[in-house]
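Atoms within a ligand are numbered from 1 in the order they appear, just like the ligands themselves.
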Amino acid sequence: MCTNKRKIVLVGTGMVGMSFAYSALNRALCDELVLVDVDKKRAQGEAMDLNHGIAFASARMRIYAGGYEDCSDADMVVICAGVNQKPGESRLDLLKRNAAVFQSIIEPVVRSGFGGVFLVATNPVDIMTRVTYELSGFNPNRVFGSGTTLDTARLRYLLGEYFSVDPRNVHAYVIGEHGDSEFVPWSQAMLATKSVADICEQSQGKYCLEEMQRLSQEVRDAAQQIIEAKKATYYGIGMSLVRIARAVLSNESSVLTVSAQLRGEYGQRGVYAGVPCIVNGNGVDRVLELRLSEEEQRKFQESCAVLEESYKGLEL
Ligand code: NAD
C-alpha cells in the first residue's frame with residue numbers, strides 16, 4: 001500500500017524514462033523521484049536538469065540520482081531500462097537482450113526490502129512484466145506493465161477524430177499483446193453508452209465499420225512509423241506511465257488496459273497481456289473481464305499463444 005510520501009524509483013533514465021520523469025514533474029505526480037541507471041553519470045545529469053525546472057513546477061518534488069537501496073521505502077518502481085527497438089526489429093526480438101538487463105535490476109530491488117508496486121514499460125512489455133513477476137516472487141497484483149494503455153490512447157484519439165467526439169468520451173480498448181497480435185474488440189467499443197456498431201449502422205453511410213478496421217491497423221503500425229521517422233517513441237508512453245502511476249498513488253480504481261497476469265479470465269492462466277483492469281493502491285486490484293464475441297475470443301487466445309511461446313523460449 002502507498003505511504004504518504006509518494007515515492008517513485010525510476011530505473012532507466014533514457015528517452016522513455018525521462019519522458020515519464022518530465023511529465024511526472026509537470027503533473028506533480030509524487031513527492032520524491034529517484035533516478036537509477038547503469039550509467040550513473042547520465043542519471044546524475046538528468047536529476048540536475050530536472051531540478052532546475054522545479055522553480056517553474058506547480059509543486060515541490062525531491063529529485064535525485066540514487067541506487068537500488070532507495071527502493072526500500074518506495075511506493076513504486078517504474079522500469080524503463082533496456083535496449084531500444086531498432087528500425088525493422090520486432091518487439092519480441094528484443095526479448096533476450098532485455099531479460100539479461102532485468103536480472104541485474106529485480107534482484108537488488110527485492111533485496112532492498114521494497115514493498116510497493118512494479119510498473120514495467122520495457123519491451124516486449126508483456127514478457128518483461130512476466131519476467132519481473134517471476135524474478136521478484138511478488139504477488140501478481142503488485143507487478144504489472146504499461147500493456148496496451150498507449151495503444152488504447154492512440155485508438156481513442158483516432159476514434160475521437162473520426163467521430164468528432166472528445167476522446168475522453170470514447171470507450172474502446174486495444175487488448176492482448178502490446179505488439180503485432182493486439183486487436184480491438186469492436187463489440188465493446190462505445191461513444192458514451194452507444195455502441196460504435198449502432199452508430200455506424202444508423203449513420204446512413206457517413207460512418208462505417210470497414211473504416212474502423214483501418215483505424216485499428218493505424219494504431220498497430222503507429223510505433224513502427226514513429227520509430228522510422230525519429231528512431232524512438234517516448235512522449236506518449238511517458239504520459240501513459242504517469243497516468244497509470246497516478247491511479248496507483250491516488251488509489252483511483254481507474255480502468256486502464258495494463259498488462260496483468262490472467263488467472264482464469266478469458267480462459268487464460270499465467271500469461272501477462274493487456275486487458276482492462278481496475279488499478280489502485282494495490283496495483284491491479286482485479287481484471288475487468290469483457291464479454292467478447294466468439295471471433296474476438298479466438299483472436300485473444302491467438303495473441304496469448306504468441307506471448308506464451310515467446311516466454312517459453314526464455315530460460316530464467
Ligand atoms: P534508451 O536507450 O533511451 O534508454 C534505456 C536506458 O536503460 C539507458 O539509459 C540505459 O543506460 C539504461 N539501462 C540499460 N541497461 C541497464 C541496467 N542493467 N540497469 C539500469 N539501467 C540500464 O531507451 P528508451 O527509448 O528509453 O526505451 C526504453 C524501453 O522502453 C525500450 O525497451 C523500449 O522498447 C520501451 N518502450 C516501451 C513502450 C511501451 O508502450 N511499453 C513504448 C516505447 C518504448
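Ion pairing between Asp31 and Arg6 holds under the 4.0 Å rule for side-chain N and carboxylate O. Salt-bridge formation is detected for the pair Arg111/Glu107: a Lys NZ or Arg NE/NH1/NH2 atom is positioned less than 4.0 Å from an Asp or Glu carboxylate oxygen. Ion pairing between a basic and an acidic side chain is recognised when a charged N comes within 4.0 Å of a carboxylate O; Glu296 and Lys299 show no such pairing. A salt bridge links Glu302 to Arg298: at least one charged side-chain nitrogen sits closer than 4.0 Å to a carboxylate oxygen.
At a 3.5 angstrom cut-off on N or O pairs, Asp39 does not count as close to ligand 1. Of the N or O atoms in Asp37, one or more lie within a sub-3.5 Å distance of an N or O in ligand 1. Between Ala81 and ligand 1, a contact under 3.5 Å exists for no N or O pair. The distance criterion of under 3.5 Å between nitrogen or oxygen atoms is met by Gly82 with respect to ligand 1. Residue-to-ligand polar distances keep Gly147 apart from ligand 1: every N/O pair is separated by 3.5 Å or more.
Other members of the cluster containing Met48 do not exist, because no ILVMFWY side chain is joined to it at under 4.5 Å.
Residue Met18 does not touch ligand 1, judged by heavy-atom distances below 4.0 Å. Only the backbone of Cys80 comes within 4.0 Å of ligand 1, counting heavy atoms alone; no side-chain atom from C-beta on gets that close. Residue-level proximity to ligand 1 for Ile237 is carried by the side chain, the only part with a heavy atom below 4.0 angstrom.
Comparing heavy-atom distances from atom 1 (P) of ligand 1 across Ala223, Gly14, Ala100 singles out Gly14 as nearest. Comparing heavy-atom distances from atom 27 (O) of ligand 1 across Val83, Ile79, Val16, Leu10 singles out Val16 as nearest. Among Asn123, Val36, Thr148, Leu35, the residue whose heavy atom sits closest to atom 38 (C) of ligand 1 is Asn123.
Residue Ala121 approaches ligand 1 through these ligand atoms, each under 4.0 Å from one of its heavy atoms: 30 (O), 35 (C), 36 (N), 37 (C), 38 (C), 39 (C), 41 (N). Annotation for ligand 1: atoms under 4.0 Å from non-hydrogen atoms of Arg42 are 8 (C), 9 (O). Taking a cut-off of under 4.0 Å to the non-hydrogen atoms of Ser104, the atoms of ligand 1 that pass are 18 (N). Atoms of ligand 1 found under 4.0 Å from any heavy atom of Thr233, numbered from 1 in the order shown, are 42 (C), 43 (C), 44 (C).
Close placement of the Tyr207 and Tyr162 rings is indicated, their centers lying within 6.0 Å of each other.
Listed by chain and residue number, nothing satisfies the ring pair (Phe, Tyr, Trp, His ring centres under 6.0 Å) test with Tyr235 (two or more places apart in sequence, or in another chain).
Distance check, rounded to the nearest 0.5 Å: CE of Met18 to CG of Leu35 gives 5.0 Å.
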task: Kindly determine whether Glu182 and Ser303 satisfy side chain to side chain contact (heavy atoms under 4.5 Å, CB included), including the steps that lead there.
output: CA-CA 7 Å; Glu182 69 183 30; Ser303 191; 5.6 Å; no
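Between Phe138 and Phe114, the ring planes are parallel. Angles under 30° get that label, and only those over 60° would be called perpendicular.
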